[in-house]
Every structure is written in structure tokens, then in C-alpha cells.
Amino acid sequence: MIEEFDNLIDNSSDCIIVELSKRGCVLKDQKTLMTYLLNLDEYEKIVEQRNNHILKKVIKNKGLNILDCTGGFARDSAIISSLGNTVTLIENNPVIMRVLKDAISRINSTAMKNIFNNITTKFGDCIDFIRTTNRKYDYIYFDFMFNINKSALPSKKEQFLRKIVHNNINRNQNIINEVLRRVGCKVIIKEHAKSNDYKHLDIINTYKEKIVKYHLLEGKNENY
Ligand SMILES: C[S@@+](CC[C@H](N)C(=O)[O-])C[C@H]1O[C@@H](n2cnc3c(N)ncnc32)[C@H](O)[C@@H]1O
């Protein structure tokens, strides 16, 4: 049931609207008339390179249960799943979730279908999910929107994400603090290479790339 998100989407207030077309669920910027159709088959090129992806160094084993708390358009979940893990993806924005669910239903490639068969999507706030789930995870993953512009020439996907998702660094930090108290597993936080929003935390290791970095931390709950 993808349509369950339709009544949560308010197409009247924002300049970004969701249009249902024959091609699928299209995002449209009413000001610029730019449109975007998420095509998950395009991730095939990215997951083909999975063995060179830095997440393979961060998450060393396979067969793990991983909670992606900031699902977005599921690029990172797809990489984590392609590395042989089971992913639960949480997303709290109804527009993003609507577009993602629609895109999942339109996947053509067998490889991508297999990757998404190991990703369960859940709509809601990640902290509510963590407070109520009985399930234990091996890693909990965060990729909040960056406060710094990632690139001067962002892709259409990136431009739409920035317009739809509103970031609140204090709220994100509160979520991370609470998660670190509640769980006893590893926690990964992705942030822009030039920002330092999490430097006050006990970071075990930071895996750096040119544009982004991944911090590895550990939850403090010994009874997890
Ligand atoms: C930068 S995007 C993530 C991109 C994603 N990693 C990918 O590879 O496509 C951040 C996403 O997290 C979602 N988000 C932010 N705070 C959240 C929360 N507290 N619970 C669930 N989702 C959240 C936003 O709506 C947004 O879609």
C-alpha cells in the first residue's frame, strides 16, 4: 500500500509537489518546473563498486542487521544491503517515503530487486522506532542532511532532497545522544568532511573521504 502516504502529503503548502503519472511518482518544483523521477535501477553502477566503497571498511562483516535511521532515497541502504546485510530503513518524511516506495515497486533489474528484498522500509521517526523496537541491531546508521552544501553543482536528486527535508542540528544531536544511551551496538554517523558536529562524542574511528566522513561509535547500554 503505497497510497497510504498520499493523505499525509500536503501538496498545497510547499513549492515541491508529488504528481502521479504513468511513469511513476514524480517530484515537481512548481517554481522552476523541474521534475525528478527516482530510478533505483541507476544504483546498479554504485553497488557494482561495493567492494571499493568505504562502508565496506566501516562495516567489516556480512550477514548483519543494520538499522538505517535516515533512509532518504535509500542509496546508502542499497550499498549496505549489497554488502550482504539485512537493512531496516526508517524515513520520517511522507514525500520521500512515497517516492521511495513507488520507486521500489518499479525496479526492473534482478540485482537491484535482490538488494531491495533485503531492505525493509518503515515510515516514522527513527527515535520513536528505537524507543519501541525489541529488535537488536549490529549497526545503527545516520546520514542527516548536511548543513554545508555538498557540491556547487548538486544532482537533481540532491536539489529535491534539500528542498523537501528541513534539517535541525540540535534535534539530530539529541537523537544521537539518546541512541548512544539506549543501544549497545556500533553507531555510524556520516557527515560532511568539513563539518564537526559530532567531535564532542567518543568516536572510535573516522573513515575519511574527500567530501564525506564516517564516524564509528559504540552505544553505552551494556544490557543491550
Ligand atoms: C541526507 S538524507 C539521507 C540520504 C540517504 N542516506 C541515501 O543514501 O539516500 C536524510 C534523510 O533522513 C530523513 N530523516 C531526518 N531525520 C529523521 C528522523 N528523525 N527519523 C527518520 N528519518 C529522518 C530525512 O527526511 C531525509 O530523507
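A donor-acceptor pair is defined here as one N or O able to donate and one able to accept, closer than 3.5 Å; such a pair exists between the side chain of Gln159 and the backbone of Pro154. Glu191 places a side-chain N or O within 3.5 Å of a backbone atom of Asp197 that can act as its donor or acceptor partner. A donor-acceptor contact shorter than 3.5 Å links the side chain of Glu91 to the backbone of Asn93. Using modelled atom types, one side-chain atom of Thr132 and one backbone atom of Phe129 make a donor-acceptor pair closer than 3.5 Å. In terms of modelled atom types and a separation under 3.5 Å, the side chain of Arg131 and the main chain of Asp128 share no donor-acceptor contact. Under the 3.5 Å distance criterion, the side-chain polar atoms of Asn196 are left unmatched by any main-chain donor or acceptor of Lys199. Of the possible donor and acceptor atoms, none in the side chain of Arg162 sits under 3.5 Å from a partner among the backbone N and O of Met145. Distance alone, capped at 3.5 Å, places no donor-acceptor pair between the Asn85 side chain and the Asn65 backbone.
Considering only heavy atoms from C-beta on, Arg135 stays 4.5 Å or farther from Leu67 through its side chain. Residues Phe160 and Met34 have side chains in contact (heavy-atom distance under 4.5 Å, counting atoms from C-beta outward). Contact check for Gln173 versus Tyr198: side-chain heavy atoms found under the 4.5 Å cut-off. Residues Phe73 and Ile96 meet the side-chain proximity criterion, which asks for heavy atoms closer than 4.5 Å. Using a 4.5 Å cut-off on side-chain heavy atoms (C-beta onward), Asp143 and Asp68 make no contact. Tyr224 has its side chain within reach of Cys185: a pair of non-hydrogen atoms, C-beta onward, lies under 4.5 Å apart.
At least one test fails for Lys157 against the ring of Tyr36: distance under 6.0 Å to the centre or angle within 45° of the axis.
Atom-to-atom distance recorded for Leu180:CG and Asn221:CG is 11.0 Å, nearest 0.5 angstrom. Atom CG of residue Asp102 and atom CG of residue Leu27 lie 10.0 Å apart, to the nearest 0.5 angstrom. To the nearest 0.5 Å, atoms NZ (Lys208) and NZ (Lys213) are separated by 5.5 Å. To the nearest 0.5 angstrom, Leu83 atom CG is 13.0 Å from Lys60 atom NZ. Distance check: Thr35 OG1 to Arg23 CZ gives 5.5 Å after rounding to the nearest 0.5 Å. Taking CD1 of Ile16 as the start and NZ of Lys28 as the end, the distance is 11.0 Å to the nearest 0.5 Å.
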| Under the side-chain contact (heavy atoms from CB on, under 4.5 Å) criterion, do Val179 and Ile127 qualify, and how do the steps go? | CA-CA 7 Å; Val179 168; Ile127 197 63; 3.7 Å; yes

| task | Before giving the answer on side-chain contact (heavy atoms from CB on, under 4.5 Å), spell out for Arg106 and Leu37 the whole-Å C-alpha distance, their side-chain angles and the decisive distance to 0.1 Å. | result | CA-CA 11 Å; Arg106 289 185 288 101; Leu37 180 71; 3.4 Å; yes

| Trace of the side-chain contact (heavy atoms from CB on, under 4.5 Å) decision for Lys186 with Val58 | CA-CA 10 Å; Lys186 297 275 192 305; Val58 187; over 6 Å; no

| field | Intermediate values then yes/no, side-chain contact (heavy atoms from CB on, under 4.5 Å), Ile188 and Ile59 | value | CA-CA 9 Å; Ile188 300 168; Ile59 305 167; 3.7 Å; yes

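Here the shortest heavy-atom pairing between Val47 and Ala78 reads CG1-O, 3.9 Å. Nearest approach of Cys25 to Val18, heavy atoms of both residues: SG-CG1, 3.2 Å. Contact record, Glu218 with Gly184: OE2-O, 3.9 Å, taken as the closest heavy-atom pair. Looking at every heavy atom in both residues, Ile130 comes nearest to Cys69 through CD1-SG, 3.8 Å. Taking each heavy atom of Ala111 and Glu44 in turn, the nearest pair found is CB-OE2, 3.9 Å.
Annotation: Phe142 is in aromatic contact with Phe144 [ring centroid separation under 6.0 Å].
No side-chain donor from either of Lys122 and Thr88 sits under 3.5 Å from a side-chain acceptor of the other.
A salt bridge links Asp125 to Arg171: at least one charged side-chain nitrogen sits closer than 4.0 Å to a carboxylate oxygen.
At most 12 non-hydrogen atoms from other residues, nucleotides or ligands lie less than 6.0 angstrom from CG of Asp202. Summarising the local packing, NZ of Lys194 is surrounded by 12 or fewer heavy atoms from other residues, nucleotides or ligands at distances under 6.0 Å.
The cluster map of Ile, Leu, Val, Met, Phe, Trp and Tyr, joined by side-chain heavy atoms under 4.5 Å apart, puts Leu161 and Ile79 in the same cluster. Two different hydrophobic clusters hold Tyr141 and Ile175 under the rule that ILVMFWY side chains link at heavy-atom gaps under 4.5 Å. In the hydrophobic cluster analysis, where Ile, Leu, Val, Met, Phe, Trp and Tyr join through side-chain heavy atoms closer than 4.5 angstrom, Ile66 is grouped apart from Ile90. Clustering ILVMFWY residues whenever any of their side-chain heavy atoms sit less than 4.5 angstrom apart, transitively, puts Phe123 in the very cluster that holds Val99. At a threshold of 4.5 Å between side-chain heavy atoms, the hydrophobic network of Ile, Leu, Val, Met, Phe, Trp and Tyr places Val165 and Leu89 in one connected group.
Only one option out of Ile80, Leu55, Leu64 pairs with Tyr139 in a side chain to side chain contact (heavy atoms under 4.5 Å, CB included); it is Leu64. Under the side chain to side chain contact (heavy atoms under 4.5 Å, CB included) rule, Ile107 has a single partner from Asp41, Asn117, Asn114, Ile115, which is Asp41.
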